[in-house]
Amino acid sequence: SGTVCLARASSSTMASAADRLNISSQLEHLQSRHVGTGHADATRHEWAVNVHRDSYASYVGHHPMVSYFAVANGESIGRTKYDFTQKMLLPCGLPPEVEEE
């Protein structure tokens, strides 16, 4: 009965390995189709820039959100949209310098 348990354990391990491969290939496909979904080599700064840009784009694209920010800041909707669009250029500042070894 010990060999049966080993066979069952290895088949479930193989299934999870196949699942991991399938998930990995789906993630690679998603990342190749959509910019901003990240990749394994993305730096912390690149990730933060993508999140900020996505947020500002969403704010500008949804009128109720822009209205809320405009009222909260005491500015016009057009000024708020302009400010958000300008912030999309460098939302997190310049990228940090990379140390080469």
Side-chain angles (χ1 to χ4, degrees):
S1 76
T3 56
V4 172
C5 291
L6 288 175
R8 287 182 184 165
S10 65
S11 69
S12 66
T13 304
M14 293 300 290
S16 64
D19 291 340
R20 281 193 301 260
L21 180 62
N22 187 19
I23 291 170
S24 177
S25 67
Q26 287 177 358
L27 183 60
E28 287 177 13
H29 179 69
L30 174 74
Q31 291 169 344
S32 69
R33 287 188 62 196
H34 302 285
V35 177
T37 54
H39 53 84
D41 299 327
T43 64
R44 183 179 181 137
H45 184 264
E46 290 172 336
W47 178 82
V49 166
N50 284 333
V51 169
H52 280 82
R53 283 187 178 150
D54 287 348
S55 297
Y56 287 131
S58 178
Y59 301 155
V60 170
H62 292 91
H63 187 74
M65 289 297 293
V66 176
S67 299
Y68 173 80
F69 284 117
V71 169
N73 292 328
E75 296 180 346
S76 69
I77 293 173
R79 169 54 69 180
T80 304
K81 283 186 176 186
Y82 176 79
D83 289 343
F84 285 164
T85 306
Q86 290 301 309
K87 287 181 181 180
M88 288 175 69
L89 294 175
L90 287 173
C92 299
L94 295 173
E97 294 182 13
V98 179
E99 297 178 12
E100 295 184 25
E101 295 177 11

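Since the model is a prediction, treat every value here as computed from it, not as a measurement. For the single chain, residues carry numbers from 1 onward in sequence order.
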Between the main-chain N or O of Leu89 and the side-chain N or O of Arg53, is there a donor-acceptor pair closer than 3.5 Å?
yes
Exercise answer: donor-acceptor pairs, residues 69-82 side-chain atoms, under 3.5 Å, sequence neighbours excluded:
residue : atom : partner : partner atom : Å
Asn73   : ND2  : Phe69   : O            : 3.2
Ser76   : OG   : Arg79   : N            : 3.1
Thr80   : OG1  : Ser76   : O            : 2.9

Listed partners of Thr43 passing side-chain contact (heavy atoms from CB on, under 4.5 Å), at least two apart
His45, Glu46
When rounded to the nearest 0.5 Å, the distance separating CG of Asp54 from CE of Met88 is 8.0 Å
Hydrophobic clusters here meaning ILVMFWY residues chained together by side-chain heavy-atom distances under 4.5 Å, can you tell me if Tyr56 and Met65 are in one?
yes
Which residues pass the side-chain contact (heavy atoms from CB on, under 4.5 Å) test with Ser55, not counting sequence neighbours?
Val51, Tyr59
